[in-house]
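The shown structure was predicted, so the numbers you read here are calculated from the model rather than taken from an experiment. So that the names make sense, note that chain A is the first sequence line, chain B the second, and so on, each numbered from 1.
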2 protein chains.
Amino acid sequence: MKRDSRLSSVLHALLHMAEHEGPMTSDALGRCLGANPVVVRRTMGLLREAGLVSAERGHSGGWRISADLRIVSLRHLHEALGEPAIFAIGNRNEVPECLVEQAVNAALDKAFLEAEALLMERFADVTLADLAADFTRRHAERRATKD
Amino acid sequence: MKRDSRLSSVLHALLHMAEHEGPMTSDALGRCLGANPVVVRRTMGLLREAGLVSAERGHSGGWRISADLRIVSLRHLHEALGEPAIFAIGNRNEVPECLVEQAVNAALDKAFLEAEALLMERFADVTLADLAADFTRRHAERRATKD
DNA sequence: TTTCATGTAACTACATATGTTACGATTCGG
DNA sequence: CCGAATCGTAACATATGTAGTTACATGAAA
């Protein structure tokens, strides 16, 4: 199964936007991410619908962050992306007649739901501001190592 | 992304085998699961390599469980299947140059590793015997309801 | 020796993420 | 007002991975 990397992509894009003065075009973001500008527009469009960014068309247009970095968490972004399926493993049949399969599904579902709940908790704990701070720390570290 | 349902499938198959006298053929298991017998052989072959089941060819052959149901956990089965990827979400680029992307990956990896650790714990806690008992309970319940 | 079963390779079918092309809609600058 | 820049979006292409299917070799039992 090919993994959905949109959450990773939008985080990367948003942090670049946070470091950048003025709006960034889909083309510029595409170059940062190594992604196609149309894919950028497609994905950022979901964040726009969630009110997290805004887009301006025409000359000197592009994408801007329109939310507080200290508020927006990974969970918000996951929701903005439509809460895509988290697991690459699942039940063969979601509503089985067979009692054996029902027992199997119940056990698997319980484990997956717990893991998903933990993941969502962790996602809710991390904001864009946290990531920006981590980036700043890494940046300072690299400069210190080079000197 | 199509989900990997092999763990669900082998659990379903193993429990049917546990309830069944003598070996079960790939054809019979395929009918239980609603799956193709070749796919059954392909998947059960991995369990055979892990020593969890054995296969006999020829007349009155088929698959047999060759391990203690009280010992074999979901985790063992997951391992026997080659520990397939658990998450359908992931980083865009696993070894990025970009410090922004490194910060993003670090945050996501941390959350995913914690969730995976919890899932593996839960998997280790559930044995085939537990599932068989749960099936028996469901079976008794259904009969009680019908009466 | 015939039949029934697994073992396995090769190919097909299908789903989904991402990439690409094309073009319309909008905005700014000259 | 025109033209370039930019987003919005549809339609199609490509890539990858799961499961299904066909075909046939191998082995065991009646």
For the pair made of CG in L33(A) and P in dT18(C), what is the distance, rounded to whole Å? 12 Å
Just by modelled atom types, is the R70(B) backbone N or O under 3.5 Å from a matching donor or acceptor in the D68(B) side chain? yes
Does dT6(D) have OP1 or OP2 sitting under 4.0 Å from an N or O in the side chain of S26(A)? no
So what does G62(A) touch, heavy atoms closer than 4.0 Å: a base, only the sugar-phosphate, or nothing? sugar-phosphate
Do L118(A) and V126(B) share a hydrophobic cluster, counting only Ile, Leu, Val, Met, Phe, Trp and Tyr and linking them when any side-chain heavy atoms are less than 4.5 Å apart? no
Does N36(B) place a side-chain N or O at less than 4.0 Å from the phosphate oxygens OP1/OP2 of dT21(D)? yes
Please confirm whether the ring centroid of H20(A) lies under 6.0 Å from the ring centroid of H16(A). no
Interatomic distance, L47(B) CG vs dT6(C) P [rounded to whole Å]: 14 Å
Flag for T136(B)-H139(B): side-chain donor and acceptor within less than 3.5 Å: no
Given atom CE of M44(B) and atom P of dG7(C), what is their separation to the nearest angstrom? 10 Å
d(CD, E56(B); C1', dA30(D)) in whole Å: 15 Å
What's the closest nucleotide to the H59(B) side chain, out of dA19(D), dA30(D), dG8(D)? dA30(D)
Decide yes or no, distance alone: a donor-acceptor N/O pair under 3.5 angstrom between the base of dT6(C) and the side-chain of R57(B). yes
Quickly work out the L81(A) CG to dT18(C) P distance and round it to whole Å. 10 Å
Which of dG8(D), dG7(C), dC28(C) is nearest the side chain of W63(A)? It is dG8(D)
Position toward the 5' end of DNA chain C (nearest nucleotide), S60(A) or S9(A): S9(A)
Would you kindly give the CZ-to-P distance between R31(A) and dG19(C), to the nearest whole Å? 15 Å
Name the closest nucleotide to the R48(A) side chain, picking from dG8(D), dG20(D), dT18(C). dG8(D)
Please give, in whole Å, the distance from dT18(C) P to L7(A) CG? 11 Å
Scan side-chain atoms only and decide if W63(A) and S54(A) contain a donor-acceptor pair under the 3.5 Å cut-off. no
Taking for each residue the nucleotide of DNA chain C with the nearest heavy atom, is it G58(A) or D27(B) whose nucleotide lies nearer the 5' end? D27(B)
Options dA19(D), dG7(C), dG20(D), nucleotide nearest the side-chain atoms of R41(B): dG7(C)
Could you give the CG-to-C1' distance, from D4(A) to dT16(D), as a whole number of Å? 14 Å
Kindly work out whether a path of hydrophobic side-chain contacts (I/L/V/M/F/W/Y, heavy atoms less than 4.5 Å apart) joins L52(B) to L69(B). yes
Criterion side-chain contact (heavy atoms from CB on, under 4.5 Å) against V53(A), the qualifying member of V10(A), L47(A), L46(A), V72(A): L47(A)
Minimum-distance nucleotide (side-chain atoms of T25(B) versus dA19(D), dG19(C), dA5(C)): dA5(C)
Nucleotide of dT3(C), dT6(C), dA19(D) approaching V39(B) most closely (side-chain heavy atoms): dA19(D)
Where A115(B) and F87(B) come nearest, the two heavy atoms and their spacing: CB-CZ, 4.0 Å
Restricting to nitrogen or oxygen on both sides, can you table the protein-nucleotides 10-15 of chain D pairs closer than 3.5 Å?
from: dA11(D); atom 1: N6; to: R42(A); atom 2: NH2; distance (Å): 3.3

